[in-house]
A.B. asks: 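Below is the structure I would like to discuss, written out as structure tokens.
Every number for a ligand or one of its atoms is a count from 1 in the order of the listing.
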Amino acid sequence: MPQRMRYSTLEERKQFYSSEFNLPKAAEWFSIQSGKVKFAVIIGRHTKIYPEKYKEEASTTIIIDEYTNLEDVRQQILEFLPEAVYYDRNVYDANDLKVGQELAFDLDPENITCPIHGTLADKMKRQQGLSFCELELEMVRKEAIGLYEFLAKRFSEVRAVYSGRGFHLHVLDKEAYLLSNQERQVFAGQVKSAGFHIDEWVTAGEMRLIRLPYSLNGLVSRIVLPLKKDELGSFDAVHDKRCIPKFLG
Ligand SMILES: [Zn+2]
């Protein structure tokens, strides 16, 4: 793993969500959305780090859909001290019926074939399916720029987010929310054919959860960070202070 990227401890997660998690910024992310956002946490599926009392629930996805405000969401996160926090890209009406879904793309470094570490299959063989190196991180950043430009030809509201491992691209155009599952599938296929290593599950909509911007990625101890297009060009996930939590100093 790149320098100083490692699992966060429970104490560090606690420290992050009590004093560092930027709630106003997270709220801003959702300001264009109407309807109530559902959140979700995974306590310790990959890290096996969890509060003892949640041993049974450590690997499950816990949905947080009953809350009064974001401060309340923060309190619930502090209760679980999860390795990961997500939100549901589905948009629901007042009767909890799905009326749309935010279109998103997930680019992960482990899907990149590395000149040193090989393909994902090679990495899996060595039980390093979730690891990546700085070179892969660099390659995936360049892919994110390319995918941003690809998407910007068709949509006007494209957002890039550093996920802690790779990058997410979100499309916030109204028409994108209304795409059918089949249209998403077709579009995901086009994006793959254009050479981008996306996770089709996310784009096609089967995986509806995506990391919450400004939350902590507890697998690598990095803050999930929205980036402007021109920031993507020089972004350095290993050293950029904006994505390094205080507990790493
Ligand atoms: Zn590598």
A.B. asks: With K38 as the cation and Y92 as the aromatic partner, state whether NZ or CZ is under 6.0 Å from the six-membered ring centre and within 45° of the axis.
C.D. replies: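 Geometry flag: set, cation within 6.0 Å and 45°.
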
A.B. asks: What N, O or S atom of E136 is found closest to the Zn ion (ligand 1)?
C.D. replies: OE2

A.B. asks: Of all N/O/S atoms in H117, which lies nearest to the Zn ion (ligand 1)?
C.D. replies: ND1

A.B. asks: Kindly determine whether D230 and K228 satisfy salt bridge (Lys or Arg N to Asp or Glu O under 4.0 Å), including the steps that lead there.
C.D. replies: CA-CA 6 Å; D230 55 1; K228 295 201 171 67; over 6 Å; no

A.B. asks: Can you check the angle at the Zn ion (ligand 1) formed by SG of C114 and SG of C133? Round it to the nearest 10°.
C.D. replies: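 C114 SG and C133 SG form an angle of 110° at the Zn ion (ligand 1).
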
A.B. asks: When you measure from the centre of the six-membered ring of F187, is the NZ or CZ of R154 under 6.0 Å away and within 45° of the axis?
C.D. replies: yes

A.B. asks: Are R45 and T61 close enough that a side-chain donor and a side-chain acceptor fall under 3.5 Å?
C.D. replies: yes

